[in-house]
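Beneath this line is the structure, given in structure tokens, with notes to follow.
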Protein chains: 2
Amino acid sequence: MQSYTEENYLKIIYHLSEISHPVQTNAIAERIQTKAASVTDMIKKLSEKELVNYVKYQGVTLTEKGKLTAINIVRKHRLWEVFLVDKLNFKWDQVHEVAEELEHIQSNLLIERLDEFLDFPKVDPHGDPIPDKHGNFAEMTFVKLSKLKDGDQGTITGVSEHSSAFLKHLEKLGLTLGKRVEIIDVVEFDGSVELLLEHEKLNISREVAKHILITKN
Amino acid sequence: MQSYTEENYLKIIYHLSEISHPVQTNAIAERIQTKAASVTDMIKKLSEKELVNYVKYQGVTLTEKGKLTAINIVRKHRLWEVFLVDKLNFKWDQVHEVAEELEHIQSNLLIERLDEFLDFPKVDPHGDPIPDKHGNFAEMTFVKLSKLKDGDQGTITGVSEHSSAFLKHLEKLGLTLGKRVEIIDVVEFDGSVELLLEHEKLNISREVAKHILITKN
DNA sequence: AATTATTTTTAGATTTGTCTAAAATAAGAA
DNA sequence: TTCTTATTTTAGACAAATCTAAAAATAATT
Ligand SMILES: [Mn+2]
Ligand SMILES: [Mn+2]
Ligand SMILES: [Mn+2]
Ligand SMILES: [Mn+2]
């Protein structure tokens, strides 16, 4: 059994692993809002428990055990987000903070029953995949909207930025999960994108386009 | 904002206040599974924060602020228990431990929405009243089954013992909330109670009868 | 009232997770 | 390769919550 704090470290290391291998001390410190020295301390503890592989000055990687633990926390986080949106009518920009707490509740029965109650969702309110109880993810095929060309069509199936400001902005524009879009033009000057959303013309900045994930179809 | 630990102390002090005023250090230590010395330390801290009134060697009482905090935790605990039973099909003997964790989740929006989602329940799965968001309880009128006389009738509306062993026992006997019972005889020898439950005769020990709460009707 | 028993508090130590400041290592530039 | 900079680790300290053992206060008995 891990502490609340250890779980948070494992989860952050897991997410950062998708970006760099091994994960650097400073990167963890930044994400977890703490100091590098504290991270070193915790890494040693996690290493002691064989949840991470650690080589001094080289950074950490998760062991199989650590990875499974981390994935389970991600599973809980995302299931709770679905619960909050689907059952309690939270907006997609309101769920993350609460899920950060709920993800640490310890009860396998609870999470299996919640999964069932939610009808075994495959993705969370931001389009992120929900691993099953064995830690397996359904394969997802996203393309960044900013990579699309004139005339391309697709459905919004995810976002890669979870800040409330960004999500509220998308909501206001009507760019929510499941909506179909068609690219009219990628403006050469600033990379902004003109697109068609439910027969309405819309222009979004390149910065916004980079964080919208599309499944082409 | 209080820590997880402080919240637990406040809740225990609140519950113990129903039994003795003021609440003794040792009583808290026993309930919270810790040592008297630790309780003294925490009491000082809570007193510092004006959540309890504390006189050395005399024990503690909750201040208005402390009481409201405690009631809010009780509210969350009981709402979560209702959720677990009504929505996730937990048995009434399975909910307490999980609710002990869930009661510490910090989000007013969450708890108000949960309340609504559960259709504003007035009692939890053990018949305990759920305070509203202002801390007000609906008045309950229970009588211990062990206080009833031959011929008395009533409905089971609560239990005053929450151990899994006891609750499972009641479940097995069919003595669950909402069931109507009629006293046939209180056995003089051992105080055990003969009763009628859905046209079936049943004998329960005095010990069991003491923890079943009845609303006469 | 004096003695004994119980309860509570203090003193000092421990564990977990954190911090600052200084030292060590690694990486990049000249 | 040597100097400089960035990153990481150590050393030592601290706050929160806990503990043990001893001292102090209160309550119960004789
Ligand atoms: Mn999230
Ligand atoms: Mn999410
Ligand atoms: Mn309970
Ligand atoms: Mn209950």
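Being a predicted model, the structure only gives us computed values, none of them experimental.
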*Looking at DNA chain C, which of residues 17-43 of chain B put a heavy atom within less than 4.0 Å of it?*
B/Gln24, B/Thr25, B/Asn26, B/Ala36, B/Ala37, B/Thr40
*Touch check for B/Tyr9, heavy atoms < 4.0 angstrom, all strands: base, sugar-phosphate only, or nothing?*
sugar-phosphate
_Test log, rule salt bridge (Lys or Arg N to Asp or Glu O under 4.0 Å), inputs A/Glu161 and A/Lys210_ = CA-CA 9 Å; A/Glu161 156 72 38; A/Lys210 280 204 298 199; over 6 Å; no
*Among residues two or more places apart or on two chains, list those pairs meeting side-chain hydrogen bond (donor to acceptor under 3.5 Å, both in side chains) that have a residue in residues 114-123 of chain B.*
B/Arg75-B/Asp115
*Restricting to pairs with a member in residues 61-70 of chain B, which pass salt bridge (charged side-chain N to carboxylate O under 4.0 Å, His left out), not counting sequence neighbours?*
none
*asked:* I'd like to know whether CG of A/Asn108 has more than 12 heavy-atom contacts from other residues, nucleotides or ligands below 6.0 angstrom.
replied: no
*For each nucleotide in nucleotides 24-29 of chain C, reading 5' to 3', give B when a protein heavy atom comes within less than 4.0 Å of its base, S when such contact involves only the sugar-phosphate, and - otherwise.*
BSS---
*Measure the distance from OH on A/Tyr4 to P on C/dT18 and round it to the nearest whole Å.*
11 Å
*Name all residues meeting the ring-ring contact (aromatic ring centres under 6.0 Å, His included) criterion together with B/Tyr9; count only those two or more places apart in sequence or in a different chain, and write none if there are none.*
none
*Side-chain N or O of A/Tyr54 less than 4.0 angstrom from OP1 or OP2 on D/dT8?*
no
*asked:* What is the separation between atom NZ on B/Lys44 and atom P on C/dT8, rounded to the nearest whole Å?
replied: 14 Å
*Apply side-chain contact (heavy atoms from CB on, under 4.5 Å) to A/Val193 and A/Asn203, showing your working.*
CA-CA 6 Å; A/Val193 181; A/Asn203 181 283; over 6 Å; no
*Going by the side-chain hydrogen bond (donor to acceptor under 3.5 Å, both in side chains) test, which pairs reach into residues 11-26 of chain B, not counting sequence neighbours?*
B/Lys11-B/Glu100, B/Lys11-B/Glu103
*Under the salt bridge (Lys or Arg N to Asp or Glu O under 4.0 Å) rule, what do A/Asp152 and A/Lys216 come out as? Steps first, then yes or no, please.*
CA-CA 8 Å; A/Asp152 283 351; A/Lys216 285 169 96 170; 3.8 Å; yes
